[in-house]
Amino acid sequence: MSGTPSPEDIAKLLPPSLNLPPHLSAHKYFLVCTLTVAAWDTLVLSPRTWRLFRSSGWPALKILFHFLRFFMPAEFIVVAVAFFDTKWTQERCGHFYLFEPICTAILLAAASAVHVIRITAIYDKHRGILAGMGSLFAIQVVVTAVACGFYRSVPLQVGQGCIAGPKENWVGIYWVAPTLLYTVSFALALKRSIQSLKNKPMGSWKLMLRDGLNLYGAIWLVNMVNMLFWFIMKPTGPEDPIKTIVTSMAAVLTTSMTLRIILSVRGPLVDGGSFAGSSASGSHASRSAHVISGRSGVQTNLSVAPQNIDLNDMRTKPEGDWVPKPEHEWSDNKSSVNDSEAKPGVLDPNPGVKITIDREVDYDRANYRHVGQAQ
């Protein structure tokens, strides 16, 4: 139909805030996805955040968790305001554009500190692991700090937002340093999990969920994609923000998965927690029941939970009715447990089985040891 305006003519009539180049339009859509993930993560983790906040003590992982938990959404809310505000001038952007690279560097440093602490912990505070991970962390902090000085404000039109972009292609080392640390972190976590299979074999899926390998892998993958995107994609001009499209999503997902690494730690967070696959060793609060079978002659150590045991109840009550007494009712009588010895003529119903129960009780700083033997 003659006289119908072409799409190019219609685009010229639109304000700059609506007439966006393809890469800039994709950048805005991707940032919306990033904000959605950040909001969803904030809501989903709210109950667990509150429970962790109310737990006793403030170890390093707990402090880092709450810092990441609130710093990440706060940063990208401010970034989104600068990006989507149509009244944000380029002069104002010239004073603000370093906000995102600096805050993201802080965010990545906190996330990387979690990896250093956690990987060191699952290797039982190995000094070599701590030195290696600590060196990568120090390199990351220095590299990201230096690289922030080589960002610039992307020259967009008024109403198209404020974005920070690199002055040179080598500024991508900003993401190379954390990607290297997360690669080593993933490799070490995977190695530790495989080593644990020698003690307790299990399926790959259970192993992945038990040790959070999916979390380490997701962090490595998103940072690797971002780094490759940074160096492979070629901008069409100085106003093309194609290199920084994935950076916001990489920072948000790294933070989100790192928070879940902290929450996946079993037990207290002191000193980075313990490795889920390590076998629990005996402590002063636990006891062992040594059972010697007359048929096989093999002694078996059965680890039982700490209880206060009255040996008189064991002799007089049936097995199903026996209940441990409270600690204040502990008997200090040193009577024999062997009922057949105490009552001649009574046959032992379980010949060939010998049970020894050890119990240490501390009264007024004096240790008393009660040993009972039942034939």
Side-chain angles (χ1 to χ4, degrees), residues 7 10-11 14-46 49 68-90 92-93 96-108 110-111 151-166 172 174-175 178-179 215 218-219 221-230 232-260:
I10 296 176
L14 295 175
S17 58
L18 298 177
N19 186 17
L20 303 175
H23 289 171
L24 180 58
S25 180
H27 201 301
K28 286 184 177 289
Y29 280 117
F30 217 77
L31 185 58
V32 171
C33 295
T34 300
L35 295 174
T36 303
V37 172
W40 172 83
D41 190 68
T42 301
L43 292 175
V44 168
L45 293 184
S46 294
T49 300
L68 292 169
R69 177 74 171 74
F70 295 103
F71 187 82
M72 182 267 287
E75 173 191 345
F76 287 100
I77 287 174
V78 176
V79 170
V81 170
F83 194 18
F84 291 103
D85 189 358
T86 57
K87 297 181 180 179
W88 201 285
T89 64
Q90 285 300 306
R92 189 177 182 183
C93 184
F96 174 81
Y97 69 94
L98 284 178
F99 175 84
E100 183 178 4
I102 291 176
C103 288
T104 301
I106 296 173
L107 196 68
L108 293 175
Y151 273 80
R152 63 179 175 85
S153 174
V154 178
L156 302 176
Q157 299 182 34
V158 177
Q160 292 184 341
C162 179
I163 305 176
Y174 179 101
W175 288 99
T179 302
L215 304 176
I219 293 173
L221 180 62
V222 70
N223 281 273
M224 183 63 69
V225 170
N226 178 49
M227 186 187 67
L228 296 176
F229 205 89
W230 186 289
I232 293 176
M233 299 303 295
K234 301 296 182 182
T236 58
E239 71 285 351
D240 190 351
I242 187 66
K243 286 183 174 294
T244 57
I245 284 182
V246 191
T247 55
S248 298
M249 181 64 79
V252 169
L253 289 180
T254 298
T255 304
S256 177
M257 297 300 107
T258 301
L259 292 176
R260 283 163 172 78

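For the numbers below, each heavy atom of this structure counts, side chains included, while hydrogens, waters and symmetry mates do not.
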| said: Taking atom CZ as the centre, does Phe70 end up with more than 12 heavy-atom neighbours from other residues, nucleotides or ligands that are less than 6.0 angstrom away? | reply: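 Yes, the 6.0 Å shell around CZ holds more than 12 heavy atoms from other groups.
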Measuring from atom [atom1] of [X] to atom [atom2] of [Y], what distance do you get when rounded to the nearest 0.5 angstrom?
X	Y	atom1	atom2	result
His27	Thr247	NE2	OG1	5.5 Å
Met249	Thr36	CE	OG1	8.0 Å
Ile106	Leu68	CD1	CG	11.5 Å
Thr255	Arg69	OG1	CZ	11.5 Å
Leu156	Thr89	CG	OG1	12.5 Å
Asp41	Arg260	CG	CZ	4.5 Å

Is there a side chain to side chain contact (heavy atoms under 4.5 Å, CB included) between Cys162 and Arg92? Walk through the geometry before answering.
CA-CA 9 Å; Cys162 179; Arg92 189 177 182 183; over 6 Å; no
query: Among Leu253, Asn226, Leu228, whose side chain to side chain contact (heavy atoms under 4.5 Å, CB included) with Val246 holds?
result: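 Checked Leu253, Asn226, Leu228 against Val246; only one passes side chain to side chain contact (heavy atoms under 4.5 Å, CB included): Asn226.
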Locate the shortest heavy-atom distance separating [X] from [Y]; write the atom from each residue and the value.
X	Y	answer
Pro155	Glu239	O-CB, 3.5 Å
Phe76	Ala251	CZ-CB, 3.8 Å
Val154	Gly165	CG2-N, 3.7 Å
His23	Thr236	CE1-CG2, 4.4 Å
Leu35	Ala80	CD1-CB, 3.4 Å
Leu108	Pro178	CD1-CG, 4.1 Å

Contact between [X] and [Y] at the side-chain level, heavy atoms closer than 4.5 Å - yes or no?
X	Y	value
Cys103	Phe71	yes
Trp175	Thr104	yes
Ser248	Glu100	yes
Thr34	Leu31	yes
Thr254	Met72	no
Val78	Phe96	yes
Lys243	Pro235	yes
Phe229	Ile242	yes

**Trp230/Tyr174 aromatic ring centres below 6.0 Å** =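 No - the distance between ring centres of Trp230 and Tyr174 does not fall below the 6.0 Å cut-off.
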Next on the checklist: I'd like to know if the side chain of Ser256 reaches the main chain of Val252, judged simply by a donor and an acceptor atom lying under 3.5 Å from each other, with no hydrogens or angles considered.
Outcome noted: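 No; zero donor-acceptor contacts below 3.5 Å.
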- prompt: Checking Asp85 side chain against Val81 main chain: does a donor-acceptor pair fall under 3.5 Å?
  reply: no
